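No hydrogens, no waters, no symmetry mates; every other heavy atom, side chains included, goes into these values. Here, residue 1 is the first one in the sequence, and each next residue gets the next number. The model shown is predicted, which means the values in this text are computed figures rather than measured ones.
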Amino acid sequence: MTIFDLQDAMAAEIERITADMRFLSPKGEMTAMRAYKQALPTRAVGEIGGDEDDEDPYPYCIVRADSGEAQGALGNQKILMILIFGIYDPTSERQGMQAAINIAQRIVERFTTDPLLDNRFRLSSEEKLRWETAADEDYPYYFAAVSMTWEIPSYRRERDRYA
């Protein structure tokens, strides 16, 4: 199990958790949330599929492996995972933040009630599950984030030359 396996599993789980939800895209279409690993894709002119008229990728979730800590050969490795949600809502009702908070609450509920992911990864019971919203409003874009710490097996020492 690697950090990338955890990231893949989390991206798939985010899309599963939000599968029944639809959000407005900048093209004016109702669409499902898409999860991206580590960062949003670039939109460079000249790349295959790239166009200067490409729309922003809203709605999205960035599944970012933020930091980690190995506790030696006998302990588990702790991985801080941050989920960043971007919602687009140009309507006068300005419900984008409510949508972002709703997603964050679904994530918190999912992993509070069942701390296992893909039957391989366990949410750390020592660390808090935390959510927050963007401090500044950037209408028509809204953002929320969830941070959580996961435990995966650490590296195992094969031999000790001095033992």
Side-chain angles (χ1 to χ4, degrees), residues 1-23 25 31-44 47-50 56-88 96-136 138 141-163:
M1 287 187 281
T2 69
I3 297 164
F4 303 115
D5 294 331
L6 172 60
Q7 204 171 33
D8 287 342
M10 181 59 74
E13 186 68 6
I14 295 303
E15 290 183 357
R16 189 196 67 73
I17 290 169
T18 61
D20 65 328
M21 303 173 85
R22 292 294 175 267
F23 307 92
S25 76
T31 185
M33 174 153 301
R34 178 122 187 249
Y36 298 94
K37 295 174 274 186
Q38 209 60 25
L40 292 175
T42 58
R43 299 176 312 162
E47 287 186 352
I48 296 174
D56 291 332
Y58 293 87
Y60 66 78
C61 174
I62 298 171
V63 179
R64 181 173 295 154
D66 189 68
S67 62
E69 178 181 30
Q71 299 178 354
L74 300 177
N76 284 331
Q77 189 174 174
K78 290 188 175 186
I79 309 299
L80 176 62
M81 187 75 62
I82 299 177
L83 309 175
I84 303 165
F85 300 98
I87 301 294
Y88 173 78
M97 187 53 70
Q98 286 82 350
I101 291 172
N102 186 31
I103 297 165
Q105 288 301 290
R106 281 187 177 205
I107 302 303
V108 169
E109 178 184 5
R110 157 58 178 96
F111 291 111
T112 299
T113 58
D114 181 6
L116 287 179
L117 175 62
D118 199 30
N119 290 320
R120 299 185 294 165
F121 307 101
R122 177 172 292 283
L123 187 66
S124 174
S125 59
E126 299 170 9
E127 307 292 332
K128 294 179 182 176
L129 222 114
R130 179 180 165 89
W131 69 270
E132 60 186 282
T133 61
D136 298 324
D138 196 15
Y141 303 99
Y142 300 89
F143 304 95
V146 176
S147 61
M148 57 186 82
T149 302
W150 292 89
E151 294 184 6
I152 64 173
S154 190
Y155 307 103
R156 300 291 181 230
R157 186 175 294 154
E158 293 180 17
R159 65 185 178 114
D160 188 346
R161 290 185 271 176
Y162 304 106

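When all heavy atoms are compared, the tightest approach of Gly86 to Phe143 is CA-CD2, 3.8 Å. Of all non-hydrogen atoms in Ala100 and Ala144, the two that sit nearest each other are CB-CB, 3.7 Å. In plain terms, the two heavy atoms of Lys37 and Ala11 that are nearest each other are CG-CB, 4.2 Å. Closest approach of Arg22 and Ala32 over heavy atoms only: NH1-CB, 3.5 Å. For the pair Phe121 and Thr2, the tightest heavy-atom approach, listed with the atom from each and the gap, is CE2-O, 4.2 Å.
Between Leu117 and Arg110 the shortest side-chain heavy-atom distance falls below 4.5 Å. Gln7 is not listed as a side-chain neighbour of Ile79, based on a closest heavy-atom distance of 4.5 Å or more. Residues Tyr142 and Ile101 fail the side-chain proximity criterion, which asks for heavy atoms closer than 4.5 Å. Between Leu83 and Trp131, every side-chain heavy-atom pair lies at or beyond the 4.5 Å cut-off. Annotation: side chain of Tyr88 is not in contact with side chain of Asp56 (no heavy-atom distance under 4.5 Å).
Between the side chain of Glu15 and the backbone N or O of Ala35, at least one donor-acceptor pair lies under 3.5 Å.
Note that the CG atom of Leu129 and the CE atom of Met81 stand 12.0 Å from one another [nearest 0.5 Å]. How far CD1 of Ile87 is from OG of Ser25: 11.5 Å, rounded to the nearest 0.5 Å. Between the CE atom in Met10 and the CD1 atom in Ile82 there is a gap of 12.0 Å [rounded to 0.5 Å]. Atoms CG and CD, on Asn76 and Glu69 in that order, are 11.5 Å from each other to the nearest 0.5 Å. Between the CZ atom in Arg34 and the CZ atom in Phe23 there is a gap of 15.0 Å [rounded to 0.5 Å]. For the atom pair OG (Ser147) and CD1 (Ile107), the distance works out to 12.5 Å, reported to the nearest 0.5 Å.
The pair Asp118-Arg120 meets the salt-bridge criterion, with a side-chain N (NZ, NE, NH1 or NH2) lying under 4.0 Å from an Asp/Glu carboxylate O. At a threshold of 4.0 Å, the pair Arg106-Glu109 does not count as salt-bridged, since none of the basic side-chain nitrogens sits closer than that to a carboxylate oxygen.
Thr18 pairs by the side-chain contact (heavy atoms from CB on, under 4.5 Å) definition with Met21, Met33, Ile103, not counting sequence neighbours. Ser124 is linked by a side-chain contact (heavy atoms from CB on, under 4.5 Å) to Lys78, Glu126, Glu127, Thr149, Glu151, counting only residues two or more places apart in sequence or in another chain.
The number of heavy atoms from other shown groups lying within 6.0 Å of CG (Asn119) does not exceed 12.
Note: Phe111 and Trp150 meet the aromatic proximity criterion, with ring centroids under 6.0 Å apart. In this structure, Tyr141 has its ring center closer than 6.0 angstrom to the ring center of Tyr58.
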Intermediate values then yes/no, side-chain contact (heavy atoms from CB on, under 4.5 Å), Leu40 and Tyr60: CA-CA 8 Å; Leu40 292 175; Tyr60 66 78; 3.7 Å; yes

Intermediate values then yes/no, side-chain contact (heavy atoms from CB on, under 4.5 Å), Ile3 and Leu6: CA-CA 5 Å; Ile3 297 164; Leu6 172 60; 5.5 Å; no

